[in-house]
Each structure stands twice: as structure tokens, then as C-alpha cells.
A.B. asks: 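Take this structure, written in C-alpha cells, and hold onto it; I'll ask about it next.
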Amino acid sequence: MPRPTQAYIDLAALTHNLNVTRQYAPHARLMAIIKADAYGHGLLHTAQALKQTDGFALLELDAAIELREAGYRHPILLLEGFFSTKELALFEQYQLSAVIHHNEQVAMLSTCKQQGLDIFLKINTGMNRLGFSPEQFPSALESLLTNESINHITLMTHFANADDAIDNQSFTQQLQCFNRITTEYELPYSLANSAAIIRYPETHADWVRPGIMLYGASPFADKTASELNLKPVMTLSSNIIAIHQLERGDSTGYGGIFQADRAMEIGIVACGYADGYPRHALTNTPVLVNNQRSRTLGRVSMDMLAIDLTGIENAQLNSPVILWGKGLPVEEIAQAAGTISYELLCALSPRVEKTVINPI
Ligand SMILES: *Cc1c(COP(=O)(O)O)cnc(C)c1O
């Protein structure tokens, strides 16, 4: 029997979340974000479940080419653009769209031989990560408008704080900045990530860029995915591979940081930080054993973790344990580990076998 650690990828849930995204932004085109191996879910089956999208976006050129070679004819946008003229030639060959965010890329574009390249011109409205400043933007746009290789230009920005429920001042400033500098151009716009799609309909414009919501996790700290009608796509599961009876005072795992305050039964689960389970999650992080809620005990090891079997019915060797996913939102584990769902999903280790379920 193989090691029982598995990530189940629910394709019907992906398609459901795509449809929910359309309901949130009925007038925009959807650019499904599938960077980082589709947030850890696996590229090709994710693309397949999202094939009704209007476009795909990612950062990895090899993955973009893989999509083209698999037959996808959608617009495919590379979120950091190209890094050399050699790469630019591949954009032309495979008809890939590029985010343009600095002048070196504008200069490389003037060496283009073919026509018909689509670009997204990125404006830095306050996140200060990528993009032309409001001052640099007009001249960058001017030089793109006069470049005959370029077909469509979309103006784009990215919000730093669209998920913040308490303070929307930074969001408002970014939106006002974008509107102020783009209003004189009759070009399509793209602004919204998942948080803005749900919370700020005024940002939908021509293209929205949903990521995390497609994978069924909430972009907000104050709203759960199920409140947003999203379904988890990835379920990380494993089995109990050993059972121990602890006496009062016994401990489990490295450092002995969990000590039993009474006699108790514990299970050892075949999942650790080398599988992508966060080591920062200490005692009391929730798990589901035989569909009953329990908790982790002590430190997560590289390949295993310990769980409390107190009060769990029929817990035995090979009992299934869900680490996150169906019935146990990944956001809860992220919170226990001091991180966000994005990081846990993307950090799923390649050694964890992915099994596709509910194919469409
Ligand atoms: C990753 C990314 C998104 C998607 O963000 P979510 O919060 O996952 O919806 C959108 N736009 C850009 C530019 C990104 O890099």
C-alpha cells in the first residue's frame, strides 16, 4: 500500500467557484489566476475545470506554454511579463499576453517582429510592488500606442488592501489614483483580485482577476468561504499509522512541548511539514478524524504529527484524518499557524500525491 497522504482535488468545486465568481462580477471577463501550479492544485486539471473562464493568468512561462500545447486558446497573461528578448520571442510564438511594468520591457517590445501582441500595462497606484508611477505612465503608454506590434492594451493595477474590513482608506486612494490617471484613455481596465471582486463591485471594469476564491478559500479574515458560497477544492488527508496510550506526564514529539495532564490515547498521522503541513501550527490546531473534530498535539515533525483521540469513536489504525479541506476550512489551519490559506495551498509538497475527484 502506498503512503496514505493524499490531496484530493475536487474539480466540480472548482467549476462551482468559477460560476460563483461570475455571479459576483456578471459584467466582467474572468482572468482565472493559476500561478504557482494553480495555487498548489495542479495546472492541467485545474485549467480543465476552469475552461469556461475567459482567460488565464500566471507567472511561469513554461506553464503558459504547457497550457498552449494542451490546446487552450484562451488569452494567457504572464503577470510579470517577459524577462528577456529571448522570452519575448516565445510570447510571440505562443501568442501569450504580457504585463508590462517597467521601461526595459517597453524597450524590448520595440524589437518585436510580429504583430498582434496583447499587453496589460501595469500602473503602480500605491502598492509599490510592480508598475509605472502615475508620472511615468503617460510616456510608457504613448510608446506602446505607437508600437505596431501591439494589438490590445489593457490598463491594470493591483490593490494592497482590498481584503481589509476595517480600514478602506488605502483601497480608496488606489482606486481614485487609477481613475484619475486613466480616465482620458478609452482602453479596457483590470483591477480586481478576489477580495475586490466580492467587496467592491465598482472595481470590476473589463477584466477581473480571481485567484483564491476559485480554490474555495475566503480572501477575508472576517468572512468564511461558506458564507461567500465557495467550496473548498483541495482536501489534504492521511491516515493514523500508530496509536499510543499516554500516562499523565508523558509527552509526544520533538521538544516534548505537549504533556498529557491525564491518561489519554493519541494517534500518529502520516503528514508533516515535508508534506506542506505548517510546522508553526502547535497543539490545538483542528483536524478531522473519522469526520469528528479533534486537535493536534505538540510539534509537527517532518513526516508525521500527533493528534488527540480522546472521545473519538472508532479511532484505529488506518482511520482517515483530514488535515484541511472538506469539513475543515484551510483558513482555520492557516490562522493557527500564523499565516494565510494561500501559503498553505501553494506549499503543498510535490511528494503528496494529487487525486482528482468529481471530474466534469
Ligand atoms: C495573485 C494575483 C491575483 C489574485 O489574487 P487573489 O487574492 O488570489 O484573488 C490577482 N492579480 C494579480 C496581479 C496577482 O498577482
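As the structure lists them, so they are numbered: ligands from 1, and atoms in each ligand from 1.
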A.B. asks: Go through ligand 1 atom by atom and flag the ones less than 4.0 Å from a non-hydrogen atom of Tyr342.
C.D. replies: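 Heavy-atom distances to Tyr342 below 4.0 Å select 6 (P), 7 (O), 8 (O).
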A.B. asks: Let me know which of Ile150, Leu144, Val99, Thr154 forms a side-chain contact (heavy atoms from CB on, under 4.5 Å) with Leu121.
C.D. replies: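 When side-chain contact (heavy atoms from CB on, under 4.5 Å) is applied between Leu121 and each of Ile150, Leu144, Val99, Thr154, only Leu144 qualifies.
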A.B. asks: For the 3.5 Å polar cut-off, considering only N or O atoms, please tell me whether Lys122 and ligand 1 meet it.
C.D. replies: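 There is no such contact.
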A.B. asks: Got an N/O contact under 3.5 Å between Ile212 and ligand 1?
C.D. replies: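 Ile212 vs ligand 1: N/O contact under 3.5 Å present.
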A.B. asks: Between Gln6 and Thr355, is any side-chain donor less than 3.5 angstrom from a side-chain acceptor?
C.D. replies: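 Yes, side-chain donor-acceptor contact under 3.5 Å.
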A.B. asks: For atom 1 (C) of ligand 1, what's the nearest protein heavy-atom neighbour? Residue, atom name and distance, please.
C.D. replies: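 I find the closest protein heavy atom is Lys35 NZ, 1.4 Å.
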A.B. asks: For Thr125 and Thr157, which I'm curious about, is there any donor-acceptor pair between the side chains at under 3.5 Å?
C.D. replies: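 Per modelled atom types, Thr125 and Thr157 side chains form a pair under 3.5 Å.
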A.B. asks: Give me the nearest non-hydrogen protein atom to atom 9 (O) of ligand 1 as residue plus atom name, then the distance to 0.1 Å.
C.D. replies: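 Residue, atom and distance for the closest contact: Ser194 OG, 2.5 Å.
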A.B. asks: Quick one, Asp163 with Lys223, criterion salt bridge (charged side-chain N to carboxylate O under 4.0 Å, His left out). Give me CA distance, side-chain angles, the key distance, then yes/no.
C.D. replies: CA-CA 10 Å; Asp163 58 325; Lys223 268 216 183 324; over 6 Å; no
A.B. asks: If you look at every heavy atom in Ala196 and Phe159, which pair is closest and at what distance?
C.D. replies: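 In this case the closest contact between Ala196 and Phe159 is CB-CD1, 4.0 Å.
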A.B. asks: Backbone, side chain, both or neither: what part of His158 comes under 4.0 angstrom of ligand 1, heavy atoms only?
C.D. replies: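 Near ligand 1, His158 shows its side chain, while the N, CA, C and O stay back.
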A.B. asks: Where do Arg351 and Asp275 land on the salt bridge (charged side-chain N to carboxylate O under 4.0 Å, His left out) test, with the steps shown first?
C.D. replies: CA-CA 7 Å; Arg351 86 173 186 187; Asp275 299 299; 2.7 Å; yes
A.B. asks: Report the nearest protein non-hydrogen atom to atom 8 (O) of ligand 1: residue, atom name, distance rounded to 0.1 Å.
C.D. replies: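 The closest one turns out to be Tyr39 OH, 2.6 Å.
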A.B. asks: For atom 11 (N) of ligand 1, which protein heavy atom lies nearest, and how many Å away is it?
C.D. replies: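 The closest heavy atom on the protein side is Arg209 NE, 2.9 Å.
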A.B. asks: Is it the case that ligand 1 has an N or O less than 3.5 angstrom from some N or O of Leu79?
C.D. replies: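 Not met; the criterion fails.
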A.B. asks: Is it true that Arg199 and Asp164 make a salt bridge, defined as a side-chain N closer than 4.0 Å to a carboxylate O?
C.D. replies: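 Between Asp164 and Arg199 there is no salt bridge, as every charged N stays at least 4.0 Å from the carboxylate O atoms.
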